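In this text the structure is predicted, and so the values were computed from the model without any measurement. Order of the sequence lines fixes the chain letters, A, B, ..., with proteins taken first and strands second; residue numbering starts at 1 for each chain.
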There are 2 protein chains.
Amino acid sequence: MATHELFHTIHQLSRELTKLINQTLQPFGLYSAQWAVLFVLKEEGSMSQSDLCEYLAVEAPPMTRTIQRLIKQDYVRYTQGADKRVKMIHLTEKAETAYPEWEQAVLSANEKLLAGMPDEKRIVMQTLLASWLGTLKGVSHE
Amino acid sequence: MATHELFHTIHQLSRELTKLINQTLQPFGLYSAQWAVLFVLKEEGSMSQSDLCEYLAVEAPPMTRTIQRLIKQDYVRYTQGADKRVKMIHLTEKAETAYPEWEQAVLSANEKLLAGMPDEKRIVMQTLLASWLGTLKGVSHE
DNA sequence: GTAAAATAGTTACCTGAGTAACTAATTGGG
DNA sequence: CCCAATTAGTTACTCAGGTAACTATTTTAC
């Protein structure tokens with residue numbers, strides 16, 4: 001039973017997807033981790049940094065770094081909430097303006113990545129993977 | 001069509017799997033990337049570094065680093081081939097001796113990671129993922 | 001037979017993510 | 001009310017992977 005093959009396939013897929021998304025974003029000076037944040041902020045509006053972490057299932061330190069880079073590029077800003085510990089993150093005008101172009105590039109890349117995969121298969125896969133991830137997250141908390 | 005959700009699930013799975021394998025290997029002072037190399041060398045015997053790269057679908061520089069760490073721990077050694085550019089990598093006695101213990105730990109971890117996943121589903125998933133990866137690798141070469 | 005192209009590995013530097021240890025602010029218990 | 005515990009975020013350091021540029025060999029082509 002070659003379980004390691006399954007794991008290896010998943011790692012490779014993850015790397016391959018990131019690589020191709022990064023290639024897509026390169027003309028805009030963005031990277032995949034930044035795009036994930038921009039995407040969530042566009043969907044959800046203003047969010048605290050820890051909410052972003054939870055949403056994207058990432059620890060706090062990588063999020064700090066990603067946001068600092070986005071701030072440097074003036075795509076994101078924060079405002080202090082009533083709770084002075086919290087940084088509420090939101091998109092800048094500059095990001096809102098550029099967003100549609102980014103989105104179109106990413107959407108068309110996604111399409112290419114899934115070309116030749118019938119919706120039916122995609123949904124089966126997504127369902128299986130999501131349920132597996134769910135049980136895994138349980139395992140690690142024991 | 002939430003394709004980003006599928007991608008996000010795969011990234012998370014990849015990270016979660018690595019995390020749990022690293023936890024399993026920690027008592028032995030090993031990391032997942034090192035284990036992958038040790039496993040292949042055990043299966044295949046002596047291999048050149050570039051063959052290892054190809055087999056594990058990893059670029060040369062990470063492989064150099066992983067092997068250098070394994071050499072430092074005296075789990076691996078290289079001998080120069082007829083072609084002086086090539087380094088043939090092989091396990092040391094020390095690694096051969098310790099291997100069964102490592103293997104058992106990893107196998108039992110793998111079982112835990114797949115607990116609750118019927119073989120049938122696992123195979124469907126593996127098949128879908130592998131065929132997707134295959135087409136993806138084609139896309140990036142265009 | 002030698003100069004150019006290809007190949008194996010390394011070095012330097014980058015993204016992405018993790019843990020541990022820290023600071024600053026807030027909440028709760030006595 | 002005030003001190004302890006918790007929470008939000010940062011800093012420092014690590015692993016895993018990637019690209020670009022390099023060295024040292026080996027092939028290939030002329």
**Any T3(A) side-chain heavy atom under 4.5 Å of L113(B) side chain** = no

**Prompt:** Under a 4.5 Å side-chain heavy-atom rule over Ile, Leu, Val, Met, Phe, Trp and Tyr, are W132(B) and I123(B) clustered together?
**Reply:** no

**Prompt:** Rounded to whole angstrom units, what separation is found between the CD atom of E16(B) and the C1' atom of dG18(C)?
**Reply:** 12 Å

**Message:** Between Q80(B) and dA8(C), is there a contact of a side-chain N or O with OP1 or OP2 at under 4.0 Å?
**Reply:** no

**Prompt:** If Ile, Leu, Val, Met, Phe, Trp and Tyr residues are connected whenever their side-chain heavy atoms lie under 4.5 Å apart, and connections chain through other members, are I21(A) and Y31(A) in the same group?
**Reply:** no

**Message:** If you compare every side-chain N and O of R15(A) against the phosphate oxygens of dA16(D) (OP1, OP2), does one of them come in below 4.0 Å?
**Reply:** no

**Asked** Given dG9(C), is OP1 or OP2 found less than 4.0 Å from the side-chain N or O atoms of S50(B)?
**Response** yes

**Message:** By the 4.0 Å heavy-atom rule, please label S32(A) as base, sugar-phosphate, or nothing.
**Reply:** sugar-phosphate

**Message:** Please report the end-to-end axis angle for the helix from dG1(C)-dC30(D) to dG30(C)-dC1(D), five pairs per end, rounded to 10 degrees.
**Reply:** 10°

**Prompt:** Under 4.0 Å: is that the gap between some side-chain N or O of S48(A) and OP1 or OP2 of dA8(D)?
**Reply:** no

**Request:** Check the side chains of T64(B) and Q49(B) for a donor-acceptor pair under 3.5 angstrom, ignoring hydrogens and angles.
**Result:** yes

**Request:** Enter the distance from K19(A):NZ to Q12(A):CD here, rounded to the nearest 0.5 Å.
**Result:** 9.5 Å

**Request:** May I have the distance from Q26(A) (atom CD) to dT15(C) (atom C1'), rounded to whole angstrom?
**Result:** 12 Å

**Asked** To the nearest Å, how far apart are R69(B) CZ and dT10(C) P?
**Response** 15 Å

**Asked** Should the heavy atoms of other residues, nucleotides or ligands under 6.0 Å from CD of E103(A) be counted, would the total exceed 12?
**Response** yes

**Message:** Centre-to-centre under 6.0 Å for H4(B) and F39(A), is that the case here?
**Reply:** yes

Nucleotides 23-28 of chain C: which of its N/O atoms have a protein N/O under 3.5 Å away?
residue : atom : partner : partner atom : Å
dT26(C) : OP1  : K84(A)  : N            : 2.8

**Request:** Classify the ring geometry between Y75(A) and W102(A) as parallel (under 30°), tilted (30 to 60°) or perpendicular (over 60°).
**Result:** perpendicular

**Message:** Is the shortest side-chain heavy-atom distance between Q126(B) and E5(A) below 4.5 Å?
**Reply:** yes

**Request:** Indicate whether OP1 or OP2 belonging to dG16(C) is found under 4.0 Å from a side-chain N or O atom of T66(A).
**Result:** no

**Fill in**
Testing dG9(D), dG16(C), dG18(D) for proximity to the side chain of V86(A), the answer is dG9(D)

**Item:** Nearest to side-chain heavy atoms of Q49(B), which nucleotide of dG16(C), dT10(D), dG9(C)
**Value:** dG9(C)

**Fill in**
Closest to the 5' end of DNA chain C, once A33(A) and M88(B) are matched to their nearest nucleotides, is M88(B)

**Item:** For atom CD1 of I67(B) and atom P of dA16(D), their distance in whole Å
**Value:** 13 Å

**Request:** Check whether V124(A) and M117(A) end up in the same hydrophobic cluster, where Ile, Leu, Val, Met, Phe, Trp and Tyr are linked by side-chain heavy atoms less than 4.5 Å apart.
**Result:** yes

**Item:** Ion pair check, E96(A) and K42(A), cut-off under 4.0 Å
**Value:** yes

**Message:** Quick one, M63(B) and V37(B) - any side-chain contact, counting heavy atoms below 4.5 Å?
**Reply:** yes

**Request:** Round to the nearest Å and state the distance from F7(A) atom CZ to dA16(D) atom P.
**Result:** 17 Å

**Item:** Within 6.0 Å of CD in E120(B), more than 12 heavy atoms from elsewhere
**Value:** no

**Fill in**
From CG of L30(B) across to C1' of dA16(D) the rounded distance in Å is 15 Å

**Asked** Is there a residue in residues 52-65 of chain A whose heavy atoms reach under 4.0 Å of DNA chain D, and which residues are they?
**Response** A60(A), P61(A), T64(A), R65(A)

**Request:** Mind calculating the distance between CD1 (I89(B)) and C1' (dG9(C)) to the nearest angstrom?
**Result:** 10 Å

**Message:** Is the phosphate of dG16(C) approached by Q34(A) (side-chain N or O, under 4.0 Å from OP1 or OP2)?
**Reply:** no

**Prompt:** Which whole-number value in Å describes the distance from I21(A) CD1 to dG18(D) P?
**Reply:** 16 Å

